[in-house]
*Asks:* 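Below are the structure tokens for one structure; questions will follow.
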Amino acid sequence: MIVTLTPNPSVDHAMVIGSLARGEVLRASESRLDAGGKGVNVSRALAANGAATLAVVPLGGHQGHLLADLLGTTGVTHRPVTLAGSTRMNVSVLEPDGTTTKLNEPGPTLSASENTTMIQTTLDAAEGADWLAVCGSLPPGATPDIYAALRAGAGARGVRFVVDSSGASFAVAVETRPTLIKPNHEELAELVGHALPTLRDVRDAARELVSSGIEIVAVSLGADGAALFTADEAAHAHASVSAPVSTVGAGDCMLAGLLHGLTSGLSIGEALVSGVAWGSAAVALPGSSVPTPADVRTVAPVLSAELPLSMELGH
Ligand SMILES: Nc1ncnc2c1ncn2[C@@H]1O[C@H](COP(=O)(O)OP(=O)(O)O)[C@@H](O)[C@H]1O
Ligand SMILES: O=P(O)(O)OC[C@H]1O[C@](O)(COP(=O)(O)O)[C@@H](O)[C@@H]1O
């Protein structure tokens with residue numbers, strides 16, 4: 001069982017337009033709503049692939065009800081934490097060449113007692129789980145010290161702890177030494193404080209984090225695939241997608257596929273291939289859609305025989 005906490009979930013509103021132009025009236029040719037937020041997406045991808053998951057989601061206001069309704073259609077069981085404030089809506093604008101522009105709201109302000117309830121609800125939900133994944137940004141009022149409480153609670157219950165976030169709160173979360181972290185290329189560069197132009201630089205940065213006490217560092221690299229590092233193993237895999245539609249949620253699907261692989265007893269390399277297959281399959285789908293097993297089967301990930309260390313990233 002993989003339990004997720006999304007401290008700042010969202011209703012994801014995706015719109016397809018011809019091309020983005022500042023200051024213009026832009027008419028969307030398509031529009032869709034999905035239950036969103038990073039942990040919610042991890043749970044949605046797991047549920048779509050028949051894996052056991054439970055999502056803890058703070059919810060409030062009309063958009064909280066809407067998010068609960070959207071979640072209800074996905075087969076994800078969720079535990080709500082009721083908020084006085086309103087759940088946010090994040091907008092993504094998709095252009096025909098696959099470019100995705102995201103506009104993320106800050107989210108509702110959590111009170112001290114809502115924070116405490118969120119932590120306790122999560123730890124109760126995580127009882128007996130294989131993994132607790134805490135994913136996405138923190139809303140105003142949720143201070144990064146929630147990671148230490150969640151990390152300690154997960155450890156006391158023998159539950160492996162995963163964090164995927166960004167910015168200053170990710171740096172604080174990393175200090176709690178999660179079992180696994182899943183930065184993307186840019187987030188890893190921010191964590192170590194310098195640019196990482198090649199896979200060799202990514203490896204060195206990831207190994208720096210592994211030597212600080214994080215068991216597994218998985219780095220998603222967009223179209224360049226993903227790489228995974230432990231103290232004594234390293235792997236890289238990628239898959240090409242001929243017509244990318246939306247990258248929203250791709251990183252979350254990649255993390256879901258990886259955790260599913262690890263929970264199913266796959267090797268590090270095979271679990272990474274599973275992550276890349278789920279992530280790349282998501283890119284070929286609209287909005288924040290998550291792939292089904294049939295979608296995943298359309299992707300052919302390649303596990304590199306040797307780490308292509310001189311590979312230049314982001315081209
Ligand atoms: N253009 C693309 N072509 C093929 N696969 C992609 C592409 N963009 C993303 N992916 C897949 O999705 C995963 C997550 O994407 P990435 O952009 O790194 O994550 P995040 O959404 O966290 O920024 C990648 O590891 C890769 O497997
Ligand atoms: O919590 P944040 O960082 O604002 O991100 C939330 C947004 O990211 C998503 O989880 C998608 O994440 P990725 O595109 O990074 O995989 C959306 O569903 C959501 O709107």
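Values in this document were obtained by computation on a predicted structure and should not be read as measured data. Atoms within a ligand are numbered from 1 in the order they appear, just like the ligands themselves.
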*Asks:* Short N/O distance, under 3.5 Å, between Ser220 and ligand 1?
*Replies:* yes

*Asks:* Are Asp295 and Thr298 linked by a side-chain donor-acceptor pair shorter than 3.5 Å?
*Replies:*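 Distance-only check fails for Asp295 and Thr298.
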
*Asks:* Same cluster or not: are Val159 and Leu255 linked, directly or through other Ile, Leu, Val, Met, Phe, Trp or Tyr residues, by side-chain heavy atoms under 4.5 angstrom apart?
*Replies:* no

*Asks:* Where do Ser31 and His13 land on the side chain to side chain donor-acceptor pair (under 3.5 Å) test, with the steps shown first?
*Replies:* CA-CA 7 Å; Ser31 168; His13 187 179; 2.8 Å; yes

*Asks:* Any side-chain hydrogen bond (donor to acceptor under 3.5 Å, both in side chains) pairs touching residues 152-162, not counting sequence neighbours?
*Replies:*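 Sorted result for residues 152-162: Glu127-Arg157.
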
*Asks:* Keeping the roles fixed (side chain from Glu114, backbone from Ser111), state whether a donor-acceptor pair exists under 3.5 Å.
*Replies:*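 Side chain of Glu114 to backbone of Ser111: a pair is present.
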
*Asks:* Mark up the atoms of ligand 1 that fall under 4.0 Å of a heavy atom belonging to Gly279, in ascending order.
*Replies:*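 With Gly279 as reference, the close atoms of ligand 1 come out as 11 (C), 12 (O).
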
*Asks:* Listing request: all ring pair (Phe, Tyr, Trp, His ring centres under 6.0 Å) pairs with a residue in residues 257-307, at least two apart in sequence or in separate chains.
*Replies:*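 Output for this query lists His260-Trp278.
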
*Asks:* Could you tell me whether Ala239 approaches ligand 1 through its side chain, its backbone, both or neither, with non-hydrogen atoms closer than 4.0 Å?
*Replies:* backbone

*Asks:* Report the nearest protein non-hydrogen atom to atom 23 (O) of ligand 1: residue, atom name, distance rounded to 0.1 Å.
*Replies:* Asn184 ND2, 2.9 Å

*Asks:* Among all protein non-hydrogen atoms, which one is nearest to atom 2 (C) of ligand 1, and what is the separation to 0.1 Å?
*Replies:* Ala223 CA, 3.6 Å

*Asks:* Verify the distance criterion only: is there a donor paired with an acceptor across the side chains of Thr4 and Ser43 at less than 3.5 Å?
*Replies:* yes

*Asks:* At under 4.0 Å between heavy atoms, which part of Leu221 makes contact with ligand 1: side chain, backbone, both or neither?
*Replies:*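 Looking at Leu221 and ligand 1, just backbone atoms fall under 4.0 Å.
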
*Asks:* Taking a cutoff of less than 4.0 Å between a non-hydrogen atom of the residue and any ligand atom, is Lys182 in contact with ligand 1?
*Replies:*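 Yes.
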
*Asks:* Considering the heavy atoms of Val283, write down every atom of ligand 1 situated less than 4.0 Å from one of them.
*Replies:*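 It comes down to these atoms of ligand 1: 6 (C), 7 (C), 8 (N), 9 (C), 10 (N).
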
*Asks:* N/O of Gly251 under 3.5 Å from N/O of ligand 1, yes or no?
*Replies:*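 By distance alone, the answer is yes.
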
*Asks:* Show, in sequence, the C-alpha distance, side-chain angles and deciding distance for Asp34 and Arg32, and conclude whether the salt bridge (charged side-chain N to carboxylate O under 4.0 Å, His left out) test is met.
*Replies:* CA-CA 7 Å; Asp34 288 293; Arg32 60 176 286 141; 2.8 Å; yes

*Asks:* Please check: side-chain N/O of Thr116 versus main-chain N/O of Ala112, any donor-acceptor pairing under 3.5 Å?
*Replies:*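 Yes; judged by distance alone, with no hydrogens or angles, the pair exists.
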
*Asks:* Taking only heavy atoms of Val276, which atoms of ligand 1 are found under 4.0 Å from at least one of them?
*Replies:*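 Checking each atom against Val276, I get 27 (O).
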
*Asks:* For Ala226, take its heavy atoms, then give the atoms of ligand 1 lying under 4.0 Å from any of them.
*Replies:* 25 (O)

*Asks:* Got the closest protein heavy atom to atom 26 (C) of ligand 1, with its distance?
*Replies:* Gly222 O, 3.3 Å

*Asks:* If only side-chain N and O atoms count, and only distance matters, is there a donor-acceptor pair under 3.5 Å linking Ser267 with Glu270?
*Replies:*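 A pair is found: one side chain offers a donor N or O, the other an acceptor, under 3.5 Å apart.
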
*Asks:* Using only heavy-atom distances, determine whether the side chains of Thr198 and Asp201 contain a donor-acceptor pair under 3.5 Å.
*Replies:* yes

*Asks:* Identify, with sequence neighbours excluded, every residue that meets ring-ring contact (aromatic ring centres under 6.0 Å, His included) alongside His78.
*Replies:*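 Testing His78 for ring-ring contact (aromatic ring centres under 6.0 Å, His included), a comparison that skips the adjacent residues, returns none.
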
*Asks:* Collect the protein residues that have a non-hydrogen atom under 4.0 Å from ligand 2 and hand them over in chain and number order.
*Replies:*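 Heavy-atom contacts below 4.0 Å: Ser10, Asp12, Gly36, Gly37, Lys38, Asn41, Arg88, Asn90, Lys102, Asn104, Gly136, Ser137, Thr247, Val248, Gly249, Ala250, Gly251, Asp252.
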
*Asks:* Does an N or O from Ser280, backbone or side chain, lie closer than 3.5 Å to an N or O of ligand 1?
*Replies:*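 Yes, at least one N or O pair falls under 3.5 Å.
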
*Asks:* Among protein heavy atoms, which lies nearest atom 25 (O) of ligand 1, and at what distance?
*Replies:* Gly225 O, 2.8 Å

*Asks:* Would Lys182 and Ser220 count as a side chain to side chain donor-acceptor pair (under 3.5 Å) if you check the C-alpha gap in whole Å, the side-chain angles of each, and the deciding distance to 0.1 Å?
*Replies:* CA-CA 7 Å; Lys182 201 294 288 168; Ser220 63; 2.9 Å; yes

